[in-house]
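Heads up, the thing below is written out as structure tokens.
Chain identifiers are assigned alphabetically (A, B, ...) following the order of the sequence lines, protein sequences preceding nucleic acid strands; residue numbering begins at 1 within each chain.
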Amino acid sequence: MVRTRFAPSPTGELHIGGVRTALFSWLAAKHAGGQFFIRLEDTDQRRYVPGSGRRILETFDWLGIELDGGPDHAMLRQMKTDEDYPGALEDGSYRGIPGPFVQSQRLPLYKQWAEWLIERGHAYRANETPEELDRMRKEAEARRETFLFREHMRLRTDIDPNQPHVIRMRVPREGVTRFHDLIKGDVAFENALVDEQVLLKADGYPTYHLAVVVDDHLQGVTHTIRADEWLPSTPKHLLLYQYFGWEPPLFAHVPNVRGEDGRKLSKRHGATSVFDLRDKGYIREAIINFLALLGWAPGGGDEQNVFTVEELIEKFSLDHVGSSPAVFSDDKLDWLNGVHIRRLPPDELARRLQPFVERDGIVLDTPEKQDRFRRAMPLIQERLKTLTEATPLIDFLFQDIPTPPKDALIGPKMEQHLSLYALREARRALESLPAFDDKPMEAAMRALCDELQLKPTQLFTIVRNAVTGKSVTPPLFGTIAILGREAALERLDRAIAALSH
RNA sequence: GCCCUCAUCGUCUAGCGGUCCAGGACGUGGCCCUUUCAAGGCCAAAACACGGGUUCGAGUCCCGUUGAGGGCACCA
């Protein structure tokens, strides 16, 4: 059974690169019919940002990525404050995966295994102060050497286990640690260049290196899929697996996502969290599709670009994840968003659009307005790249418009009197229309064009401006039908009046 | 400074020694469709970083150069 995990630290906003790594992990697991869970790595008390753990869970919730384990979603949603997040489910395990899923709640485990390593001679106690270590580093630098801690460098060896101290791992002075990375291929590191890492800090918290090994093993992780920057510390982890006598998981280090300037993605690059994108009107289907394509392609001659989540699960494979970093550029995201918006059922589009148009001041407080809103969906669906673009396309259906200026009511290559005449005739045609629907309306208007010897563009431009106050709208007659006869005639009357003098 | 990784159109990528004078998608330009705007259709411009090898043959393998990114914490 394949089991993967995403292990973020709750130290701030989760950006797109992290979400992509998580997405790859999730897809890899689901493709194999396996499990995916989240573990919060909150072992640095200083960097902890209240509420960020919760935000991370909400991100996955919103994306529709279901977890087979992790800090409880339901509990998170009920919390009133961002001050803290709850731990694992009560029994400490979920769907067969042992919890807790928050590292700060697993402290005794790390302590226990660190002591175990000392007993077997794979680790030792040390108590150099940060200042002392700093000095040692500076001295090494002065000698133009890379500073690596080694047991013999300890300033004191008579360490009282009951006094604050750290536990460091031993590293062989010779030999090479090799492994096969699922994405990078064969990689080798010389042990002599590996630091004797602190595993357990003086405050009793583990470092990442100990925690990730203990947890991934205890929680049955089969594929450790993580960001590129962990590649150089993998030898430490492999050494630990060896000391513990545990079989290591498969490793896959996914390349970074960079900004358009080629630098690592950060706040400077604008909208980089999933919630930023959501607020800019991107829908989850598009975000997932886009992220999947950032570094992955189906390969094998398959040139598909648009994917549903189900298709991604079916086709995703770690061996088609590229080994070079990708630049986050939202051109393709815009396009994919349009594609996925068009695939939404109209009622679903309406549901997702409502918060956006309400944010823009459109009030949909009556069943009648709700109905108009829903009826407008097919008209605007293929015109949206993001959900923020709907308002200017439909606002005139819900609120009154100012009377257009004269020049907007004069058709292209037309005189004022002809335009006025056309407007009056159009009004009469609409008034006498038996059924106020788009098809008969268009037929009547086209007949009017013939009668007046006008091009459709000429007549329709005048009517569009008169009825909507805009020169760009969704298809005219469908729009007018939704507006309704009464309002349409009233607006035409005002336009006629404006043009009359 | 030391270590590691990466390098195909502007961007995301296909390519796993010959079928590649390099394919697809976005974006860009043009044309068509058309009541505006979109959507859609068609066409076009656009790339194997550089230098050495290996091989009958290299985008594909090896080495080097250059460039980019990452790591070298009691941060993850």
For [N], which nucleotide is its Watson-Crick or G-U wobble mate, given both distances must be under 3.5 Å?
{"N": "B:C2", "answer": "B:G71"}
{"N": "B:C56", "answer": "B:G18"}
{"N": "B:U34", "answer": "none"}
{"N": "B:A39", "answer": "none"}
{"N": "B:A25", "answer": "B:U11"}
{"N": "B:A49", "answer": "B:U65"}

Check: Mapping A:Glu260 and A:Trp230 onto RNA chain B by nearest heavy atom, which one lands closer to the 5' end?
Finding: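 Mapping each residue to its closest nucleotide by heavy atoms, the 5'-most match is A:Glu260.
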Notebook entry, point to check: Of A:Leu293 and A:Asn305, whose nearest nucleotide on RNA chain B comes first from the 5' end?
Noted result: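 Comparing both residues, the 5'-ward one is A:Leu293.
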Next item on the list: Please collect all ring pair (Phe, Tyr, Trp, His ring centres under 6.0 Å) contacts where either partner lies in residues 458-478 of chain A, sequence neighbours excluded, each pair once.
Entry: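 Of all non-adjacent pairs touching residues 458-478 of chain A, those that pass ring pair (Phe, Tyr, Trp, His ring centres under 6.0 Å) are A:Phe460-A:Phe477.
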Next item on the list: Could you list all the ring pair (Phe, Tyr, Trp, His ring centres under 6.0 Å) pairs where at least one residue sits in residues 138-180 of chain A, not counting sequence neighbours?
Entry: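 Sorted pair list comes back empty.
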For a quick test of reading the model: is some side-chain N or O of [X] closer than 4.0 Å to OP1 or OP2 of [N]?
{"X": "A:Lys201", "N": "B:A76", "answer": "yes"}
{"X": "A:Arg137", "N": "B:C74", "answer": "yes"}
{"X": "A:Thr43", "N": "B:A76", "answer": "yes"}

Checklist line | Any pair counted as salt bridge (charged side-chain N to carboxylate O under 4.0 Å, His left out), so long as it reaches residues 283-305 of chain A, sequence neighbours left out | finding: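 Every salt bridge (charged side-chain N to carboxylate O under 4.0 Å, His left out) pair that includes a residue of residues 283-305 of chain A, provided the two are not neighbours, is A:Glu285-A:Arg352, A:Asp302-A:Lys315.
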Next item on the list: Please name all residues satisfying salt bridge (Lys or Arg N to Asp or Glu O under 4.0 Å) with A:Glu229, sequence neighbours left out, ordered by chain then number.
Entry: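 Checked A:Glu229 against salt bridge (Lys or Arg N to Asp or Glu O under 4.0 Å); zero matches.
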Checklist line | Residues forming a side chain to side chain contact (heavy atoms under 4.5 Å, CB included) with A:Pro378, sequence neighbours excluded | finding: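 Checked A:Pro378 against side chain to side chain contact (heavy atoms under 4.5 Å, CB included); zero matches.
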Checklist line | Interface with RNA chain B, restricted to residues 153-176 of chain A and to heavy atoms under 4.0 Å | finding: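 Under 4.0 Å from RNA chain B: A:Val166, A:Arg168.
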Notebook entry, point to check: What parts of residues 457-476 of chain A reach RNA chain B, counting only heavy atoms under 4.0 Å away?
Noted result: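 Within this stretch, A:Thr457, A:Phe460, A:Arg464, A:Ser471, A:Val472, A:Thr473, A:Pro474, A:Pro475, A:Leu476 sit under 4.0 Å of the strand.
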With the criterion being N/O to N/O and under 3.5 Å, what pairs connect the protein with nucleotides 4-10 of chain B, and how long is each?
unit_1: B:U5; atom_1: O2'; unit_2: A:Lys184; atom_2: NZ; d: 2.8

Next item on the list: For A:Glu196, check side chain to side chain donor-acceptor pair (under 3.5 Å) against everything at least two apart and list the hits.
Entry: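 Partners of A:Glu196 under the side chain to side chain donor-acceptor pair (under 3.5 Å) test: A:Tyr124.
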Notebook entry, point to check: Quick one: side chain to side chain donor-acceptor pair (under 3.5 Å) partners of A:Thr403, sequence neighbours excluded?
Noted result: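 Per chain and number, A:Thr403 pairs via side chain to side chain donor-acceptor pair (under 3.5 Å) with A:Arg494.
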Notebook entry, point to check: Can a salt bridge be assigned to the pair A:Asp216 and A:Arg39 using a cut-off of 4.0 Å between side-chain N and carboxylate O?
Noted result: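 Result for this pair is yes, salt bridge flagged.
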Return a table of donor-acceptor pairs under 3.5 angstrom between the side chains of residues 387-396 of chain A and protein atoms on other chains or two or more places apart.
unit_1: A:Thr388; atom_1: OG1; unit_2: A:Thr386; atom_2: OG1; d: 2.7
unit_1: A:Glu389; atom_1: OE1; unit_2: A:Lys385; atom_2: N; d: 2.7
unit_1: A:Glu389; atom_1: OE1; unit_2: A:Thr386; atom_2: N; d: 3.3
unit_1: A:Thr391; atom_1: OG1; unit_2: A:Asp360; atom_2: OD2; d: 2.4
unit_1: A:Asp395; atom_1: OD1; unit_2: A:Lys470; atom_2: NZ; d: 3.3

Within the sub-3.5 Å range, which N or O atoms of nucleotides 58-67 of chain B have a protein N or O partner, and how far apart are they?
none

